[in-house]
Amino acid sequence: MGQIKKALITGITGQDGSYLAEFLIKKNYQVYGIVRRVALEDETHRLWRIKHLLKKIKLSSASLESYASIVKIIQKIKPNEVYHLGAQSYVSYSFEDEFSTLNTNINGTHYLLSAIKEFSPKTKFYFAGSSEMFGKVYKKKQNETTRFYPRSSYGISKVAGFELTRNYREAYNLFACTGILFNHESPRRGFEFVTRKISSAVAKIKLGKQKNLYLGNINAKRDWGHARDYVKAMWLMLQQKKPSDFVVGTGEMHSVKEFLNLAFSIVGLNYKKFIKIDKNLYRPSEVDTLRADYTKAKKILKWKPSINFKGLVKEMVLEDLKRFK
Ligand code: NAP
Ligand code: F7E
């Protein structure tokens, strides 16, 4: 039997981190996670997505804002694979605090790449890139060759992370990849994101615990997939012979309105009776449409999504109905 592989996940407490940890444990990895110090003091609230995994993973506190703390972890663990998912990931918030979004997202990525180069150059590195890098799109579908035009400091931070990752690959020969992932959701999605805001509101309205749902631009269109499918693509990228960047999405696009319509119809309600538009929830510069061309991932990674839009919305609404009962 070969040696057990070690994987280090930043952002392990988030939606993707929790699914990825589950996936890697099943593949027999020893999974390590970096969390903020406060998370270890308040497990119930901050570690809810990985509560069921705590006995199987090893958590260390470190800060994405401190090079020294990252170096210590990389030196100690010398992981075979690093999945860098930790980030300020909420686009709306990035308009309120550009400075912390840029600092955490760009420096965190830079510190990890630099620590790997100096202290563990054989470690393979995954960077969580985003379709927000495409932003204002000029092509109907976006792939690895599409020009970036980010519309928020979040998008800008991901373009910088992408360029750093590419440069470390080319200049220092690191096995470093970026997954350019389109929106992916699940019952573990944060409540501030539009899909979970809707699924939780549908459940609460059905159960008589909420009256209305306030939303911003419901004409925005996204390519929504399921997070469980997408973490598999991350892993596949690091199992290839050569490092490269990959677009991951479903190729299907739906509006927030369509999401609403389907989510409310699952519980037999008409969304029009409950929606109120709040102009304050509009973004200063919006990303109107996003749709993935994931031909490269299909061809090279042999990856394709297994859960479609209808299946995703249904799972999210049914899980929230159970949760809020
Ligand atoms: P998420 O649920 O918001 O999780 C973000 C993770 O980053 C959490 O573990 C969070 O820790 C950690 N984090 C945030 N700020 C931090 C800081 N200052 N220092 C240390 N850790 C910090 O995000 P996700 O949906 O799982 O996404 C994972 C990654 O993929 C992110 O980088 C995101 O930008 C990117 N991405 C997501 C999507 C998507 O549709 N989900 C699409 C493309 C790219 P706490 O629990 O302590 O807050
Ligand atoms: O917004 C519109 C909003 O916040 C989707 C992150 O995971 O995916 C995510 O970013 C759309 C936008 O996700 C509300 O204006 C309307 O057009 O769910 P969201 P996002 O901005 O697409 C990308 C790929 C990432 O990388 C990010 O980390 O929905 N919208 N009304 C609303 N959005 C929110 N949040 N709340 C509303 O009330």
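In each ligand, atom 1 is the first atom listed, and ligand 1 is the first ligand listed.
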Q: Checking the N or O distance criterion of under 3.5 Å, is ligand 2 in contact with Leu215?
A: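 The answer is no, given that Leu215 and ligand 2 share no N or O pair closer than 3.5 Å.
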Q: Check for me whether Tyr282 has a heavy atom closer than 4.0 Å to any atom of ligand 2.
A: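 No heavy atom of Tyr282 comes that close to ligand 2.
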Q: Would you say Lys158 contacts ligand 1, with heavy atoms under 4.0 Å as the rule?
A: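 In this structure, Lys158 qualifies as a contact of ligand 1 - some heavy atom is under 4.0 Å.
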Q: Just need the protein heavy atom nearest to atom 37 (C) of ligand 1, so name the residue and atom and give the distance.
A: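 Its nearest protein heavy-atom neighbour is His184 CE1, 3.9 Å.
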Q: Counting heavy atoms only, which of Ile12, Asp16, Ile50 comes nearest to atom 26 (O) of ligand 1?
A: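 The nearest heavy atom belongs to Asp16.
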Q: Please state which part of Val91 comes within less than 4.0 Å of ligand 2, counting heavy atoms only: side chain, backbone, both or neither.
A: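 The part of Val91 near ligand 2 is the side chain, not the backbone.
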Q: Of the listed options (Gly17, Ala128, Ser130), which comes nearest to atom 30 (O) of ligand 1 when hydrogens are ignored and any heavy atom counts?
A: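 The nearest heavy atom belongs to Ala128.
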Q: Less than 6.0 angstrom separating the ring centers of Phe162 and Phe148, yes or no?
A: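 Aromatic pair counts; centres sit under 6.0 Å.
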Q: Are any of the side-chain nitrogens in Asp245 or Lys296 under 4.0 Å away from the carboxylate oxygens of its partner?
A: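 A salt bridge is absent here (no side-chain N lies under 4.0 Å from a carboxylate O).
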Q: Heavy-atom contact under 4.0 Å between Gly129 and ligand 1?
A: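 Contact check Gly129 vs ligand 1: positive.
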Q: Which one of Val71, Ile70, Ile74 satisfies the side chain to side chain contact (heavy atoms under 4.5 Å, CB included) criterion with Ile116?
A: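 The passing option is Ile74.
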Q: Applying a heavy-atom cut-off of 4.0 Å, say which part of Thr104 lies close to ligand 1: side chain, backbone, both or neither.
A: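 Answer for Thr104: side chain.
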Q: Quick one: does Trp224 get an N or O within less than 3.5 Å of an N or O on ligand 2?
A: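 No, since none of the N or O atoms of Trp224 sits under 3.5 Å from an N or O of ligand 2.
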Q: Looking at Tyr154, which atoms of ligand 2 are within less than 4.0 Å of one of its heavy atoms?
A: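 What qualifies from ligand 2 is 25 (C), 26 (O), 27 (C), 28 (O).
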Q: Which bit of Arg189 gets closer than 4.0 Å to ligand 1, counting heavy atoms only: side chain, backbone, both or neither?
A: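 The answer is the side chain of Arg189.
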Q: With a 4.0 Å cut-off on heavy atoms, is Ser131 touching ligand 2?
A: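 It does, in that a heavy atom of Ser131 comes within the 4.0 Å cut-off of ligand 2.
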Q: Yes or no: does Tyr154 have any heavy atom under 4.0 Å from an atom of ligand 1?
A: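 Yes; Tyr154 lies near enough to ligand 1 that a heavy-atom distance drops under 4.0 Å.
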Q: Residue-level breakdown please: for Arg36 versus ligand 1, do any non-hydrogen atoms fall below 4.0 Å on the side chain, on the backbone, on both, or on neither?
A: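 Within the 4.0 Å criterion, Arg36 contacts ligand 1 through side-chain atoms alone.
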Q: I want to confirm something. Looking only at heavy atoms, which of Ser61, Ser18, Ser89 is nearest to atom 23 (O) of ligand 1?
A: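 Comparing heavy atoms across Ser61, Ser18, Ser89, the nearest one to atom 23 (O) of ligand 1 lies in Ser89.
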Q: Any idea which atoms of ligand 2 are less than 4.0 Å away from a heavy-atom of Ser89?
A: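 Listed by number with element, the hits are 6 (C), 27 (C), 28 (O).
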Q: Would you please indicate if the ring centroids of Tyr149 and Tyr138 are separated by under 6.0 Å?
A: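 Ring centres of Tyr138 and Tyr149 not closer than 6.0 Å.
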Q: Are the charged groups of Glu315 and Arg228 less than 4.0 angstrom apart, N to O?
A: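 Yes, charged N to carboxylate O under 4.0 Å.
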